[in-house]
Amino acid sequence: MASTLELLEEHRIFGGWQQRWRHQSAVLNCPMTFSIFLPPPQSDAPPPVVWFLAGLTCSDENFTTKAGAQRVAAQLGLVLIMPDTSPRGDDVANDSGYDLGQGAGFYLNATQQPWAANFRMFDYLSAELPELVADNFKLSDRQSVMGHSMGGHGALVLALRLGGRFASASAFAPIVNPTEVPWGQKAFAAYLGEDRQTWREWDSCLLMRDVEQRLPILIDQGDSDQFLADQLRPERLEAVAREQGFPLELRIQPGYDHSYFFIASFVEDHLRFHAKHLLV
Ligand SMILES: N[C@@H](CCC(=O)N[C@@H](CSC=O)C(=O)NCC(=O)O)C(=O)O
């Protein structure tokens, strides 16, 4: 059955519109919200899209309200889509830790109970939500993806697994090698079980060795990020990219931490990077 959309909020901003919508997800088995920025029309052509996947503890609202992305997206004529980071609700499994369960879906398809009943964020973001927005908004097929931290991992995994879907990918402080760091190991053991072979298809450092399409990737990383040494390690993806011939640029930004102050400082560069690849 086709999912219907309920408008929760709408605000005029920089000549465009910021909206928040709710729908019933058949894939996740729960109601979901997403936010969308619609720029002022620049031509009769449907506008290209940049997806933003947020990090641990976030919803669709963190990037919407804290990144300050709409001014440049309006100038460039880019639609921004901000999904939630996990299934939600009283009937959905959860955990007391901030890094597992609701708000921590890790953009994968869980195979283990109790998570498997709802936690299928990869299927939701690769099929259900794109189809829903394509049915309800006038959007171009030219699309790119970006994200932060856990959402940077999600953006990289989506782009690498769905070869040809995205024109470019970018990330702020991404978890690039989740099979080898504590956040990823905790989440993957819970969602995927103890057989580490099954973890491989959700790790950008490992996926990058196996895919055909070498899409352009931009990564920004603050060198004062409290999670850099233990959880993020972007130099590992940079090394694989060099070995595999991916056009990946890793920029180390002095003094910046893991927060949305960091994202807000470089989001314009990311949107211009995507526009360059989307508006060709
Ligand atoms: N212990 C912290 C950890 C949560 C945190 O830092 N979340 C980041 C993303 S971390 C990786 O995915 C975040 O974006 N937080 C939301 C924000 O608006 O800053 C805690 O529980 O606070």
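For ligands, and for the atoms within them, numbers begin at 1 and follow the listed sequence.
- Cluster partners of L218, using a side-chain heavy-atom cutoff of under 4.5 Å among ILVMFWY residues and allowing indirect links, are F273.
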Begin from the C-alpha positions of Q18 and E9 and carry the test side chain to side chain contact (heavy atoms under 4.5 Å, CB included) through to its verdict.
CA-CA 8 Å; Q18 183 68 51; E9 272 188 56; over 6 Å; no
Please tabulate, line by line, the atom pairs linking an N/O of ligand 1 to a protein N/O at a distance below 3.5 Å, with the distance in Å to 0.1, or answer 'none'.
residue	atom	partner	partner atom	Å
ligand 1	7 (N)	L56	O	2.9
ligand 1	12 (O)	L56	N	2.8
ligand 1	12 (O)	S149	OG	2.8
ligand 1	12 (O)	M150	N	3.0
ligand 1	18 (O)	N62	ND2	2.9
ligand 1	18 (O)	K66	NZ	2.7

What's the verdict on side chain to side chain donor-acceptor pair (under 3.5 Å) for R236 and N177, showing C-alpha distance, side-chain angles and the deciding distance?
CA-CA 8 Å; R236 294 184 186 170; N177 198 190; 3.1 Å; yes
Which donor-acceptor pairs under 3.5 Å do the side chains of residues 45-59 make with protein atoms, sequence neighbours left out?
residue	atom	partner	partner atom	Å
W51	NE1	Q143	OE1	2.7
S59	OG	E61	N	3.1

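- When the ring-ring contact (aromatic ring centres under 6.0 Å, His included) test is applied to W202, the partners found at least two apart in sequence or on another chain are F122.
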Would you check, one step at a time, whether the test side chain to side chain donor-acceptor pair (under 3.5 Å) holds for Q75 with R272?
CA-CA 10 Å; Q75 269 176 22; R272 292 193 183 282; 3.1 Å; yes
